[in-house]
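Below: one structure, written as C-alpha cells.
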Number of protein chains: 2
Amino acid sequence: MQRTGQPTINDVARIAGVSKKTVSRVINRSPLLGDDTRRRVEEVIGDLGYIPNPQARALALRRNFLIGLVHDNPNAQTVMNVQQGMLEALHDTEFEMVVRPVDRGSATMLDDLRRFLERQRLYGVLLMPPVSENDMVAKLCRAIGCRYVRMGSAALDDSPHMVASNDREAVRGATEYLLAQGHKRIGLIGGPHGFRSARERRAGFEEALSQAGVSLPRSLIADGNYTFESGLVAAERLLDLVPRPTAVFSCNDEMAAGVMHAAQMRGLSVPRDLSIIGFDDTPIAAHIWPPLTTVRWPIASMARSAALKLIANGEEDDEVEEPSLFLSTLIRRGSVASPAID
Amino acid sequence: MQRTGQPTINDVARIAGVSKKTVSRVINRSPLLGDDTRRRVEEVIGDLGYIPNPQARALALRRNFLIGLVHDNPNAQTVMNVQQGMLEALHDTEFEMVVRPVDRGSATMLDDLRRFLERQRLYGVLLMPPVSENDMVAKLCRAIGCRYVRMGSAALDDSPHMVASNDREAVRGATEYLLAQGHKRIGLIGGPHGFRSARERRAGFEEALSQAGVSLPRSLIADGNYTFESGLVAAERLLDLVPRPTAVFSCNDEMAAGVMHAAQMRGLSVPRDLSIIGFDDTPIAAHIWPPLTTVRWPIASMARSAALKLIANGEEDDEVEEPSLFLSTLIRRGSVASPAID
DNA sequence: TTGTACGCGTTATCAT
DNA sequence: ATGATAACGCGTACAA
C-alpha cells in the first residue's frame, strides 16, 4: 500500500509475485495469459480490493473515462430524461457522466466545445438536440478523434453515430387522429426555426392534412419556440381567429400547456370547445387539467441506447447492436374530442 | 509539440529556455518568481496556446478537477435548477461537473458513494437534499478527505459546509397569509418522512396555526411524498371531509398541482371553492390554471453559492464569503382567495 | 506466456 | 529565484 491508502498495481504485482504488466493484462482481459496466473492475480485483486486508478489510466491512454453530455436544450424535463437514460447505461461501468451546456447562438460555441473536448480528453460525447443537428459539431468530433452519438428527430448521421425518432410519421398519425374525430380547422403551433424536430413535426402535420384534402391557411400556423409562454402567445392569436380552430396541434407539451392556459383564461372548455394534442409526453402533460393527449417521445430510451453505442466495444462480441430508430406513439388522454357542431 | 498535437509543459520550458518547474510555477501562480522570467514564460504559453493537461495534474495532485453532484431528489426541475446554478459557478474555471444519482434506501449506498469518491478523487461534492441530510454521508466525506457542501432546509452543518434555506419561517409566513384571508379550516399535505424539508415546512405551518389559535385536527393533515400523484390522492381524502377545508397548503408544487387536478376533477373551482399554496416555485406553478401561489425556493442560487464555496481558495483573499442562508419568499398568484361564506 | 524499461504530463523535494 | 530528479499509477514496445 502507498501513503494514499489505496492499493496500486504495484502492490498487486508484488503480492501476486508477478510483474505489473501481467496485472495490467488481467485488468484489460488480455487473451494471452495463463489460467493459473490469471486466477492468482484475480484473487489478490479481490483480497486487496484493488481498483485501477482512473487518473493514471487517463494519462497513459490519453483518454478519460468520462462521457460528456453536450446540450443546449431549453426543456428541463427533457434534459433530465436524457441524463437518466445515460446514467442507466453507464451504471456499473467505469464511466462517469459530465454535463456540458453550450450556447448555440454564441459565435465561439465551436471553439469552446473544441477546447473542452481536447482538454478533458473525453471518451465520447452524447449530443442532444438541437446542438446535435449541427453538422459542424459532428465534424469537430471526428476531427479531434472524439467518439460521438447524435440524438435527433431524423437520421442525420450513420447508425453508429445516430439515435433518431420518427417524429414526422408520429405527428402524421396524431393529426390523422384529429381528422378522424371530425376536425377540419386545425391550428399548428410550430417549434423554433433551426430545430430539426420542429421541421419534422410540422412536415408530418402538413402531410396528414394534404393527404386528407384539408386546407391549411397560413393563418392557422403560429410560431413558437417550445416554451410555455410562446405557446400561450401563439394560442391567443389562434383563438382570436374567426372562425376559431376546433383543434390545435402543438409541437411540444410545454407549448400545449400554454395553449390550454390561454383557453382557460378566456373561459373556453377543453376539449369541448378546443381539442389539443402535444408532443413529448413530459410529466406536465398528465398533470394539467384536462390531461393532455400527446405523442410520447422515448427520449430516455434513446439516450440509454446512445450511451451504450458510445461505450460499446468495437469488437461487437455477442452483444446485440443498439437500435438507431425509436418509435413515438400517441397517448390518448382527455384533451381531444369531436368538435361541436358548427 | 508531441504527437498528440497539443503542446506540453516541456515544449513551453524548452522554447522559453527555462525548466519545467519554472513553467509549473507560472501556472500555479507561485509568488517567488522573477518578473521577467514570468513574463517570458507567459508569452510562450500564449503563443503556443498551451493548456495544462488535467489528467496529468490529477495524477500528480492525486485530486481531480471534478465537482460531483450527488443527489437522490425525485424532482426533475429541482435537479436541473441545481445543475444550472452549479454550472454557473463552474463556468470559466478548470472544473467540470459530474452527476451521480444515489439510491437512498439502498443498503450499499454509503459503500457505493465511498467507492465513487475514492476512485474519481473528486475535488469536492455538492450534496443535494434529501441525501444531504444524511450525516453519515458528510462523515464519509470528511473521513476520506473530500470537500463537501450540503444543501438543505435547515442548518445541518457549519457554514463552510452548508447552504440552507429558511423553509420554516417561509411556510409560517405563507400560512399567516392564508389566515389573513379568513381561512380557518386549512389542510396540510406533508412531504415524505425523513425529508428535513418536510419537517421544517410542516413545523412552520403548525406554528402559524397555533400562534393564531386555530385548531388543527389530525384529519386535516395528509401524507404525501412530493409527487403529483401523492398530492392527488391526499387531496381526494381532504376534499371528502365534511366540512371541507377552504384552503390547502401543500409542501411542494408538484403535490399542489395534484391538489388542483383533484379539485377540477370534482368540479371545484380554484380559488373560489378552494385556495391552494405550494412550495418551490417550479415552472409548473405558473403554468397550471389558475396560476399557483407558492413559496419561491431559491435553489439555483443556493447551488451556485455551494459550488463557489467548494472551489473557493481556503486563502479567502479579497473574495467575499458566500452566504450560507437563503430566504424563501411568497409569490402571490391566482390560487388564493377569501373563503366563501359558510 | 511473462518481464524490463520507458513514456504519459504534471507536481514535489531538495538542492543551488 | 531557479533547476535536476524523482514521484504519481498505469500502458506499451520490445525482449526473453
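As a basis for the values below, the full set of heavy atoms in this structure was taken, side chains included, without hydrogen atoms, waters or symmetry mates. Proteins get letters first, then strands, A, B, ... in listed order; numbering begins at 1 in each.
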Return the set of residues passing side-chain hydrogen bond (donor to acceptor under 3.5 Å, both in side chains) with A/Q55 (not counting sequence neighbours), or none when no residue passes.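 By the side-chain hydrogen bond (donor to acceptor under 3.5 Å, both in side chains) rule, A/Q55 matches no residue at all.
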Residues in side-chain hydrogen bond (donor to acceptor under 3.5 Å, both in side chains) with B/R304, at least two apart?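 Applying side-chain hydrogen bond (donor to acceptor under 3.5 Å, both in side chains) to B/R304 gives B/E88.
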Please report, rounded to the nearest Å, how far the [atom2] atom of [N] is from the [atom1] atom of [X].
X: A/F65; N: D/dC10; atom1: CZ; atom2: P; value: 12 Å
X: B/R63; N: D/dG9; atom1: CZ; atom2: P; value: 15 Å
X: A/Q6; N: D/dC10; atom1: CD; atom2: C1'; value: 15 Å
X: A/R119; N: C/dC8; atom1: CZ; atom2: P; value: 20 Å
X: A/L48; N: D/dG9; atom1: CG; atom2: C1'; value: 15 Å
X: A/I45; N: D/dC10; atom1: CD1; atom2: P; value: 10 Å
X: B/L59; N: D/dA6; atom1: CG; atom2: P; value: 17 Å

For [X] and [Y], indicate whether the former's side chain and the latter's backbone hold a donor-acceptor pair under 3.5 Å.
X: A/S305; Y: A/P323; result: yes
X: B/S132; Y: B/M151; result: yes
X: B/K309; Y: B/E322; result: yes

Qualifying side-chain hydrogen bond (donor to acceptor under 3.5 Å, both in side chains) pairs, either residue in residues 40-54 of chain B, two or more places apart: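 Found none.
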Return the angle between end axes of the helix from C/dT1-D/dA16 to C/dT16-D/dA1, with five pairs used per end and rounding to 10°.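 About 30°, once rounded to a multiple of 10°.
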Is the closest basic N to carboxylate O distance between B/R150 and B/D135 below 4.0 Å?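 Between B/D135 and B/R150 there is a salt bridge, with a charged N closer than 4.0 Å to a carboxylate O.
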Quick test of your reading of the model: are B/R39 and B/D36 salt-bridged, counting only N-O distances below 4.0 Å?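 Here B/R39 does not pair with B/D36 in a salt bridge, since their nearest N and O are not under 4.0 Å apart.
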Does B/T37 have a side-chain nitrogen or oxygen under 4.0 Å from the phosphate oxygens OP1 or OP2 of D/dA1?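 Answer is no, no contact under 4.0 Å.
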D/dG3 OP1/OP2 closer than 4.0 Å to side-chain N/O of B/T22: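 For D/dG3, OP1/OP2 do have a side-chain N/O of B/T22 under 4.0 Å.
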Between side-chain atoms of residues 93-104 of chain B and protein atoms elsewhere (two or more places apart, or another chain), which donor-acceptor pairs fall under 3.5 Å?
{"residue": "B/T93", "atom": "OG1", "partner": "B/L90", "partner atom": "O", "Å": "2.6"}
{"residue": "B/T93", "atom": "OG1", "partner": "B/F95", "partner atom": "N", "Å": "3.0"}
{"residue": "B/E94", "atom": "OE1", "partner": "B/R57", "partner atom": "NH2", "Å": "2.6"}
{"residue": "B/E96", "atom": "OE1", "partner": "A/R100", "partner atom": "NH1", "Å": "3.4"}
{"residue": "B/E96", "atom": "OE2", "partner": "A/R100", "partner atom": "NH1", "Å": "3.3"}
{"residue": "B/R100", "atom": "NH1", "partner": "A/E96", "partner atom": "OE1", "Å": "3.3"}
{"residue": "B/R100", "atom": "NH1", "partner": "A/E96", "partner atom": "OE2", "Å": "3.2"}
{"residue": "B/R104", "atom": "NH1", "partner": "B/D72", "partner atom": "O", "Å": "3.4"}
{"residue": "B/R104", "atom": "NH1", "partner": "B/D72", "partner atom": "OD2", "Å": "2.5"}

Base contacts versus sugar-phosphate-only contacts with protein, heavy atoms under 4.0 Å: please encode nucleotides 10-16 of chain C as B, S and - from 5' to 3'. BBB----
Using a 4.0 Å heavy-atom cut-off, does B/L33 contact any base of the nucleic acid, only the sugar-phosphate backbone, or nothing at all?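 Contact class for B/L33: sugar-phosphate only.
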